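What you see is a predicted model; the values in this text were computed from it and never measured. Heads up: numbering here begins at 1 and tracks the sequence.
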Amino acid sequence: DLQESGVLTDKDIKNIDEYMDKERTKKNAEMKEEIYKNECEKIDTMVSQKVITKEKGNKLKSAVKKNLDELEKEMR
């Protein structure tokens with residue numbers, strides 16, 4: 001509506017879209033990092049409580065990272 005009324009130009013719309021895309025990408029990266037951090041803390045707790053070995057904890061962290069990367073690709 002604002003474009004039709006002349007308030008926003010095509011360039012304005014393009015700039016707004018680019019800005020929103022950058023913000024969405026930034027927010028997704030922040031969420032991914034927060035999830036990874038929380039999962040790593042849980043894994044570290046399991047290691048410290050001897051639920052799993054440190055080696056298995058590291059493998060689990062790698063799997064979490066891989067799963068988050070795949071999820072991010074699917075969200076695009």
Side-chain angles (χ1 to χ4, degrees):
D1 292 337
L2 291 175
Q3 186 177 13
E4 290 174 7
S5 65
V7 174
L8 295 174
T9 65
D10 287 341
K11 184 176 180 179
D12 292 331
I13 299 296
K14 181 181 176 191
N15 288 341
I16 290 168
D17 287 343
E18 287 175 1
Y19 174 82
M20 296 301 284
D21 286 344
K22 286 179 186 176
E23 287 297 307
R24 188 173 19 261
T25 299
K26 180 181 170 184
K27 184 69 174 172
N28 286 344
E30 290 170 357
M31 288 175 26
K32 177 182 166 186
E33 186 62 32
E34 186 66 25
I35 291 169
Y36 181 71
K37 178 183 166 195
N38 290 338
E39 291 302 310
C40 286
E41 288 175 4
K42 290 176 191 175
I43 293 167
D44 289 340
T45 299
M46 287 189 278
V47 170
S48 70
Q49 293 180 358
K50 304 203 184 303
V51 174
I52 56 175
T53 65
K54 185 174 182 178
E55 179 182 283
K56 290 181 181 179
N58 289 334
K59 288 181 181 180
L60 189 53
K61 286 179 185 180
S62 294
V64 167
K65 178 88 168 135
K66 181 181 175 186
N67 288 341
L68 287 173
D69 289 342
E70 290 174 6
L71 180 63
E72 181 181 29
K73 289 177 188 175
E74 290 176 11
M75 290 175 54
R76 289 182 190 173

Looking at [atom1] of [X] and [atom2] of [Y], how far apart are the two atoms once the value is rounded to the nearest 0.5 Å?
X: Glu74; Y: Glu70; atom1: CD; atom2: CD; answer: 7.0 Å
X: Met31; Y: Glu72; atom1: CE; atom2: CD; answer: 10.0 Å
X: Glu33; Y: Cys40; atom1: CD; atom2: SG; answer: 8.5 Å
X: Glu39; Y: Ile35; atom1: CD; atom2: CD1; answer: 8.0 Å

Report, one line per pair, each donor and acceptor closer than 3.5 Å where one atom sits in a side chain of residues 61-68; sequence neighbours left out.
{"residue": "Lys61", "atom": "NZ", "partner": "Asp44", "partner atom": "OD1", "Å": "2.6"}
{"residue": "Ser62", "atom": "OG", "partner": "Asn58", "partner atom": "O", "Å": "3.2"}
{"residue": "Asn67", "atom": "ND2", "partner": "Ala63", "partner atom": "O", "Å": "3.4"}

Query - pair Leu60-Met46: side-chain heavy atoms closer than 4.5 Å - result: yes
**Report entry** Beyond-backbone contact of Ile43 with Lys56, side-chain heavy atoms, under 4.5 angstrom
**Finding:** no
Requested in this report: Could you check Glu18 against Lys14 for side-chain contact (heavy atoms from CB on, under 4.5 Å), going step by step and ending with a plain yes or no?
Outcome: CA-CA 6 Å; Glu18 287 175 1; Lys14 181 181 176 191; 3.1 Å; yes
Report task. Using a cut-off of 6.0 Å, state whether more than 12 heavy atoms not belonging to Glu55 lie near its atom CD. Result -> no
For a quick test of your reading: what N or O donor-acceptor pairs under 3.5 Å do the side chains of residues 20-27 make, sequence neighbours left out?
{"residue": "Asp21", "atom": "OD1", "partner": "Arg24", "partner atom": "NH2", "Å": "2.7"}
{"residue": "Thr25", "atom": "OG1", "partner": "Asp21", "partner atom": "O", "Å": "2.9"}

**Report entry** Transitive ILVMFWY side-chain link Ile52 to Tyr36, under 4.5 Å
**Finding:** yes
**Report entry** side-chain contact (heavy atoms from CB on, under 4.5 Å) between Val51 and Val47, worked out
**Finding:** CA-CA 6 Å; Val51 174; Val47 170; over 6 Å; no
Query raised in the report: Is there a side-chain contact (heavy atoms from CB on, under 4.5 Å) between Thr9 and Asp12 once you walk through the steps?
Result: CA-CA 5 Å; Thr9 65; Asp12 292 331; 3.2 Å; yes
